[in-house]
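What follows is a single structure, written as structure tokens, with notes after it.
Just so we're clear, the structure is a prediction, and the values are computed from it rather than from any experiment.
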Amino acid sequence: MARKASLSGFPELLPEERLVEQHVLDTLRRTFELHGFGSIETRAVETVGHLLRKGEIDKEVYGLSRLQDDDGNTATAAKSDPNALALHFDLTVPFARYVVENAGHLSFPFRRYQIQKVWRGERPQDGRYREFTQADIDVVADGVLPFRYDVELALVIAEALSALPIPAFKLRINNRKLAEGFYRGIGLTDTAGVLRSIDKLEKIGAGKVAELLKTELGATEEQAAKALALASIRTEDTSFVAAVRALGVSDELMEEGLNELEQVIAAAVKSAPGSVVADLSIARGLDYYTGTVYETVLVGHEALGSICSGGRYDALASKGNRKFPGVGLSIGVTRLVARILSQEFAKASRSVPTAVLVTLTDEDSWSGAQDVATALRARGISTEVAAKADKFGKQIKYADNRGIPYVWFTDETGAHQVKDIRSGDQLAADPAAWLPPSVDLSPQIVKA
């Protein structure tokens with residue numbers, strides 16, 4: 001993925017790189033299922049009207065159309081047509097539609113994970129692609145979603161990330177009720193606008209954020225200073241509660257958020273000590289988040305941006321009078337895999353799944369070689385049969401070039417031997433009983 005792609009922003013992997021990606025996907029899938037999340041897949045396209053209903057993000061959306069319409073004229077996808085089709089840019093908006101359309105068939109609270117490609121029209125750069133894979137988990141309720149799920153999601157993500165071949169991470173957690181109540185308590189009524197400004201803190205710095213608060217939202221010098229003081233609080237325990245109260249602001253919504261965040265941090269720190277931090281600068285720019293918000297960065301690789309983010313949303317999906325509140329997180333799989341590969345945090349022990357190459361003594365031995373391969377495959381041993389009866393040295397070289405560790409020989413008498421071409425050891429073997437060491441059955445992901 002560090003190579004220059006022929007089409008920028010649309011990464012392609014070599015086989016050994018793909019093995020690392022599959023390891024990441026399998027680890028996430030296994031962790032999610034251990035926690036009772038079921039898999040779904042939604043369609044790749046949504047209507048433009050549905051994708052844009054949560055805000056003007058049309059620059060990021062890839063429209064979808066046939067090259068010609070039914071009359072043979074050049075067709076274009078029009079932003080002005082809400083029924084035009086476009087590729088989904090995340091998995092949350094399609095999931096909201098999925099819940100509404102299938103509410104009569106789902107058991108609530110509905111626990112789902114979803115691993116799919118998404119497409120986003122932005123300038124390609126390190127960690128940002130136009131086509132990439134996301135892995136999402138959400139819990140959605142019909143009516144009321146207990147707050148305890150906010151705590152559980154933090155624990156699941158901490159466990160999933162801890163199982164991956166990545167450096168230390170920080171799961172940064174905040175609560176928008178806390179922030180909004182605090183802003184309201186200091187007299188800033190456009191709380192959504194303040195959150196959007198605070199969300200730019202790491203990109204533009206405290207000085208410029210203070211100017212935005214004063215010039216765009218009418219904040220006084222004191223109000224801007226208070227908002228920035230709140231955003232500066234970071235603790236790896238629940239001591240942030242005292243730090244917030246020391247700022248001398250009183251508000252009922254703030255107290256509710258403070259209590260919720262205290263519960264999440266207390267449980268998460270116990271489960272993943274050193275990896276969780278209460279970070280009151282985390283705002284999440286999307287307006288649909290209503291409570292807990294999460295962002296995750298790799299320690300020493302903060303410039304990469306968040307590798308996992310999400311939060312609580314109480315009004316993302318609805319059907320008539322029915323509300324479907326939820327809480328979810330999304331892992332940027334492609335961003336994570338790109339960094340694993342470029343920094344060599346892990347690599348595959350070999351580039352192919354094949355463990356054994358069955359050689360040919362002569363062209364007439366191909367059928368017998370297939371019988372050997374069938375016997376080996378029946379016990380889960382990935383096996384190839386040579387295509388031609390070249391000299392054994394050439395067949396061994398083929399295996400070596402492919403990264404196949406074992407070569408199988410059958411002589412004219414029907415006796416079998418297998419050679420480990422890494423060590424040179426060659427031993428008698430029975431196709432019905434021989435097994436390689438478990439580490440050689442399939443490629444292993446070796447951590448740096």
Practice task
Identify the two heavy atoms, one from A135 and one from F32, that lie closest to each other, and give their separation to 0.1 Å.
Solution key: CB-CE1, 4.4 Å
Practice task
Look at atom CD of Q417 and say whether more than 12 heavy atoms of other residues, nucleotides or ligands are closer to it than 6.0 Å.
Solution key: yes
Handout entry: Check ion pair R339-D126 (N to O, under 4.0 angstrom)
Key = yes
Exercise for the section: Using a cut-off of 6.0 Å, state whether more than 12 heavy atoms not belonging to R377 lie near its atom CZ. Expected result: yes
Exercise for the section: Check whether the ring centres of W434 and Y406 lie less than 6.0 Å apart, and answer yes or no. Expected result: yes
Exercise for the section: Establish, yes or no, whether a centroid distance under 6.0 Å links the rings of F37 and Y113. Expected result: no
Exercise for the section: Run the salt-bridge test on R97 and E46 with the 4.0 Å N-O cut-off and return the result as yes or no. Expected result: yes
Handout entry: Crowding at CZ, R123 (>12 non-hydrogen neighbours, <6.0 Å)
Key = no
Practice task
May I ask you to check whether over 12 heavy atoms, not counting those of K117, lie within 6.0 Å of atom NZ?
Solution key: yes
Handout entry: Heavy-atom pair with the smallest gap, counting every atom of R335 and G305
Key = NH1-C, 3.8 Å
Practice task
Taking all non-hydrogen atoms of both residues into account, name the closest pair between V20 and A348 and its distance.
Solution key: CG2-N, 4.0 Å
Could you list the donor-acceptor pairs under 3.5 angstrom formed by side chains in residues 267-281, with sequence neighbours left out?
from : atom 1 : to   : atom 2 : distance (Å)
D279 : OD1    : R234 : NE     : 3.3
D279 : OD1    : S281 : N      : 3.0
D279 : OD1    : S281 : OG     : 2.6
D279 : OD2    : R172 : NE     : 2.9
D279 : OD2    : R172 : NH2    : 3.0
D279 : OD2    : R234 : NE     : 3.1
S281 : OG     : R234 : NH2    : 3.2

Exercise for the section: Using the six-membered ring wherever Trp is involved, compare the ring planes of Y98 and F110 and label them parallel, tilted or perpendicular (cut-offs 30° and 60°). Expected result: parallel
Handout entry: Polar side chain donor-acceptor pair, Q134 to S330, under 3.5 angstrom
Key = yes
Practice task
Considering non-hydrogen atoms only, spot the tightest contact between P436 and L441 and give its length.
Solution key: CG-CD2, 3.7 Å
Practice task
Salt-bridge test for R29 and E33: reply yes if a basic N is under 4.0 Å from a carboxylate O, no otherwise.
Solution key: no
Problem - Qualifying residue, where the test is side chain to side chain contact (heavy atoms under 4.5 Å, CB included) with W408 and the options are L357, L376, T359 - result: L376
Exercise for the section: Measure from the ring center of F10 to the ring center of Y129 and say whether it is less than 6.0 Å. Expected result: no
Problem - salt_bridge(R312, D314) N-O dist < 4.0 Å - result: yes
Problem - T334 vs P11 side-chain heavy atoms within contact, under 4.5 Å - result: yes
Exercise for the section: Check whether the ring centres of F108 and F324 lie less than 6.0 Å apart, and answer yes or no. Expected result: yes
Practice task
Inspect the contact between K170 and E302 and indicate whether a charged nitrogen and a carboxylate oxygen are less than 4.0 angstrom apart.
Solution key: no
Problem - Residue pair L13 / E21, side-chain heavy-atom distance below 4.5 Å - result: yes
Handout entry: Worked verdict on N83 versus T47 for side-chain hydrogen bond (donor to acceptor under 3.5 Å, both in side chains)
Key = CA-CA 5 Å; N83 294 314; T47 63; 5.6 Å; no
Problem - Under-4.0 Å salt bridge between R402 and E384 - result: yes
Problem - Gap between atom CZ of F95 and atom CD of Q114 - 0.5 Å precision - result: 7.5 Å
Exercise for the section: Identify whether the distance between the nearest side-chain nitrogen and carboxylate oxygen of E122 and R130 falls below 4.0 Å. Expected result: no
Practice task
Considering non-hydrogen atoms only, spot the tightest contact between A158 and F169 and give its length.
Solution key: O-CZ, 3.7 Å
Practice task
Taking only Lys NZ, Arg NE, NH1 and NH2, and the carboxylate oxygens of Asp or Glu, determine whether K177 and E260 approach each other closer than 4.0 Å.
Solution key: yes
Handout entry: Non-hydrogen atoms of I198 and A231 that approach each other most closely
Key = CG2-CB, 4.2 Å
Handout entry: F345/H301 aromatic ring centres below 6.0 Å
Key = yes
Handout entry: Salt-bridge present (R422, D440; N to O < 4.0 Å)
Key = yes
